There are 2 protein chains.
Amino acid sequence: MSDPLSDPLSGPLSGPDLLPLLGGPPTERRDAARNREALLVAADELVDVCGVDHVTMEAVAARAGVGKGTVFRRFESREGLMAALLDRSETVWQAAVISGPPPLGPGADPMERLLAFGRSRLETTLRHAELIRAAGRAGSRSYAAWSFTAMHVRYLLGELDVRGDLPVLATALLAPLEVPVLEQQVRVEGFPVDRVLAGWEDLARRVVRPPDA
Amino acid sequence: MSDPLSDPLSGPLSGPDLLPLLGGPPTERRDAARNREALLVAADELVDVCGVDHVTMEAVAARAGVGKGTVFRRFESREGLMAALLDRSETVWQAAVISGPPPLGPGADPMERLLAFGRSRLETTLRHAELIRAAGRAGSRSYAAWSFTAMHVRYLLGELDVRGDLPVLATALLAPLEVPVLEQQVRVEGFPVDRVLAGWEDLARRVVRPPDA
DNA sequence: AGCCTAAACGGACCACGGTCCGGTTCTATT
DNA sequence: AATAGAACCGGACCGTGGTCCGTTTAGGCT
């Protein structure tokens with residue numbers, strides 16, 4: 001650890017072009033990257049303090065020590081900023097699905113994985129409901145997130161030998177796990193989360209069950 | 001037409017309490033009712049001209065010849081106004097479900113009615129997508145609309161001898177017909193409407209099909 | 001008819017999301 | 001090291017949703 005050559009992540013070697021092949025297409029300027037990070041951190045803290053929908057763009061800018069215009073250049077809109085925030089948690093969740101321990105990750109049989117997926121997705125969605133709402137349909141970010149879940153469910157259905165229009169069927173399984181639907185049931189109707197989850201698992205089994213046999 | 005006594009809608013007889021037992025709980029003042037109607041008409045026209053999300057509250061107020069404050073007192077918020085607009089079309093659709101001709105209305109067997117419901121609901125939702133979006137979760141209005149569809153599907157599932165948690169299952173069938181899901185498939189992924197509909201019908205059959213038998 | 005009160009009215013006012021453009025700062029190049 | 005120019009920065013500015021409160025009006029009651 002004391003030898004700079006053994007630690008590729010620090011020391012005088014970490015110049016501007018240490019990793020020339022990473023990053024976005026035309027590479028982002030250093031100050032810009034610093035500001036992006038500062039803004040994300042500021043936003044995160046403010047969300048913790050005030051709650052998602054009391055966070056104003058001006059406050060985020062001020063806390064990060066930059067101008068308002070900068071926030072909008074980096075994140076396009078309020079929705080964009082929220083989507084970026086969301087992206088972080090979403091990424092770690094995706095990692096758990098791709099390479100985490102079973103039954104959510106690979107290793108269990110597909111039906112177990114599907115049920116674990118539903119439970120996990122439902123909990124995650126409910127936990128981040130406010131942020132997801134605030135992120136709206138922001139640019140292509142939230143599309144990527146959706147796309148991942150759709151692909152995963154589609155894959156599992158394939159493994160389970162489900163016949164039919166898999167992309168559409170997968171969407172149908174995902175739809176009841178969306179924020180508005182969940183909130184309607186849990187917050188408005190007052191159904192316990194366990195009941196909603198049980199309902200989804202029932203649905204999943206009905207979809208997967210082979211025709212007659 | 002020239003004799004005032006032959007026209008029950010005008011003339012000196014149409015006093016303040018011509019219909020003492022109609023109207024909301026504490027009865028709405030006449031000028032208030034007039035303004036509500038004028039606002040609804042103005043909003044409707046402006047939506048036709050500019051498209052839903054270019055309609056400003058100030059423009060609606062101006063066109064109806066009232067102040068902005070009045071609009072907000074009557075409809076609570078922008079979402080509220082849009083919800084009120086939506087309410088009208090929704091009401092005639094509900095009438096078609098309750099008492100219209102089969103297979104959407106009563107008279108066909110439940111499975112036919114369910115499939116007709118899905119097709120009709122999908123088309124209606126897509127047609128009013130912008131308005132529904134703009135209405136958001138406005139007060140209790142859009143709740144009433146949702147509640148109606150949920151109740152209807154729940155009833156049909158009951159008629160079809162489906163076992164399980166009917167309220168939750170009905171919600172699961174409704175969820176893929178919500179605006180964000182539909183738009184994702186049709187507008188973003190580019191699936192033809194017919195394909196999405198076929199997918200929903202497949203889903204419905206899988207849900208209804210009795211367990212093994 | 002005339003009064004009285006609750007309700008409705010209107011438009012000035014505020015906050016926040018989003019845009020714009022003149023000035024500044026980074027980085028590639030020589 | 002010096003230069004050029006692209007990318008970035010900041011904060012004044014605008015439009016719109018939503019609030020507030022002094023004023024007006026409808027309609028029941030005497």
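So that the names make sense, note that chain A is the first sequence line, chain B the second, and so on, each numbered from 1. Predicted model, so just to flag it, every value in this text is computed and none were measured.
Of the possible polar contacts, one joining the B/Arg78 side chain to the B/Val55 backbone as a donor-acceptor pair under 3.5 Å is found.
OP1 and OP2 of D/dC8 both lie 4.0 Å or more from every side-chain N or O belonging to A/Asn35. When the side-chain nitrogen and oxygen atoms of A/Thr70 are compared with OP1 and OP2 of D/dG10, one or more of them lie within a distance under 4.0 Å. Look at B/Arg78 and you'll find a side-chain N or O under 4.0 angstrom from OP1 or OP2 of D/dG17.
Protein atom CZ of B/Phe72 is 17 Å distant from nucleotide atom P of C/dA8, rounded to whole Å. Straight-line distance from the CD atom of A/Glu79 to the C1' atom of C/dC16: 15 Å, rounded to whole Å. When rounded to the nearest whole Å, the span between CG of A/Leu81 and C1' of C/dG18 equals 14 Å. The distance between atom NZ of B/Lys68 and atom C1' of C/dC14, rounded to the nearest whole Å, is 10 Å. Distance, B/Phe75 CZ to D/dG17 C1': 16 Å, rounded to whole Å.
Taking every heavy atom of both residues into account, A/Leu86 and A/Ala135 meet most closely at CD2-CB, 4.3 Å. Residue B/Val181 comes nearest to B/Pro176 through the heavy atom pair CG1-O, 3.8 Å, listed as atom of the first residue, atom of the second, then distance.
Of the candidates C/dG17, D/dG18, C/dC9, the closest approach to any side-chain atom of B/Arg73 belongs to C/dC9.
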Under-3.5 Å N/O pairs linking protein and nucleotides 2-7 of chain C:
unit_1	atom_1	unit_2	atom_2	d
C/dA7	N3	B/Arg29	NH1	3.2

Give the table of side-chain donor-acceptor pairs shorter than 3.5 Å for residues 58-69 of chain B, with sequence neighbours excluded, one pair per line with atom names and distance.
unit_1	atom_1	unit_2	atom_2	d
B/Arg63	NH1	B/Glu45	OE1	2.1

Could you list the donor-acceptor pairs under 3.5 angstrom formed by side chains in residues 164-172 of chain A, with sequence neighbours left out?
unit_1	atom_1	unit_2	atom_2	d
A/Asp165	OD1	B/Arg195	NH2	2.9
A/Asp165	OD2	B/Arg195	NE	2.6
A/Thr171	OG1	A/Pro167	O	2.9

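Closest-nucleotide positions on DNA chain D for B/Glu76 and B/Arg34 were compared, and the one nearer the 5' end corresponds to B/Glu76.
Counting only residues at least two apart or in different chains, ring-ring contact (aromatic ring centres under 6.0 Å, His included) contacts with residues 113-135 of chain A comprise A/Trp93-A/Phe117, A/Phe117-A/His152. Evaluation of the salt bridge (Lys or Arg N to Asp or Glu O under 4.0 Å) test over residues 94-103 of chain A, restricted to residues two or more places apart or in two chains, returns none. For the side chain to side chain donor-acceptor pair (under 3.5 Å) condition, the pairs that include at least one residue of residues 176-194 of chain B, sequence neighbours left out, are B/Arg133-B/Glu183, B/Glu183-B/Arg187, B/Gln184-B/Glu189.
Partners of B/Arg34 under the side chain to side chain contact (heavy atoms under 4.5 Å, CB included) rule, at least two apart in sequence or in another chain, are B/Asp31. Legend: residues meeting side chain to side chain contact (heavy atoms under 4.5 Å, CB included) with B/Arg73, ordered by chain and number and at least two apart, are absent. Taking B/Glu159 as the reference, B/Pro110, B/Tyr155 meet the side chain to side chain contact (heavy atoms under 4.5 Å, CB included) condition, with sequence neighbours excluded.
A heavy atom closer than 4.0 Å to some atom of DNA chain D occurs in A/Gly65, A/Val66, A/Gly67, these being the qualifying members of residues 59-67 of chain A. Within residues 44-58 of chain B, the residues approached by DNA chain D to less than 4.0 Å at the level of any non-hydrogen atom are B/Val55, B/Thr56, B/Met57, in residue-number order.
Residue A/Leu126 holds its CG atom at 9.0 Å from CD1 of A/Ile132, rounded to the nearest 0.5 Å.
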B/Glu37 and B/Arg30: salt bridge (charged side-chain N to carboxylate O under 4.0 Å, His left out), yes or no, with the steps?
-> CA-CA 11 Å; B/Glu37 194 54 28; B/Arg30 296 280 286 298; over 6 Å; no
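Using a 4.0 Å cut-off between charged side-chain N and carboxylate O, B/Glu123 and B/Arg127 make no salt bridge.
Across its full length, the helix from C/dA1-D/dT30 to C/dT30-D/dA1 shows an angle of 10° between the axes of its 5 terminal pairs at either end, rounded to 10 degrees.
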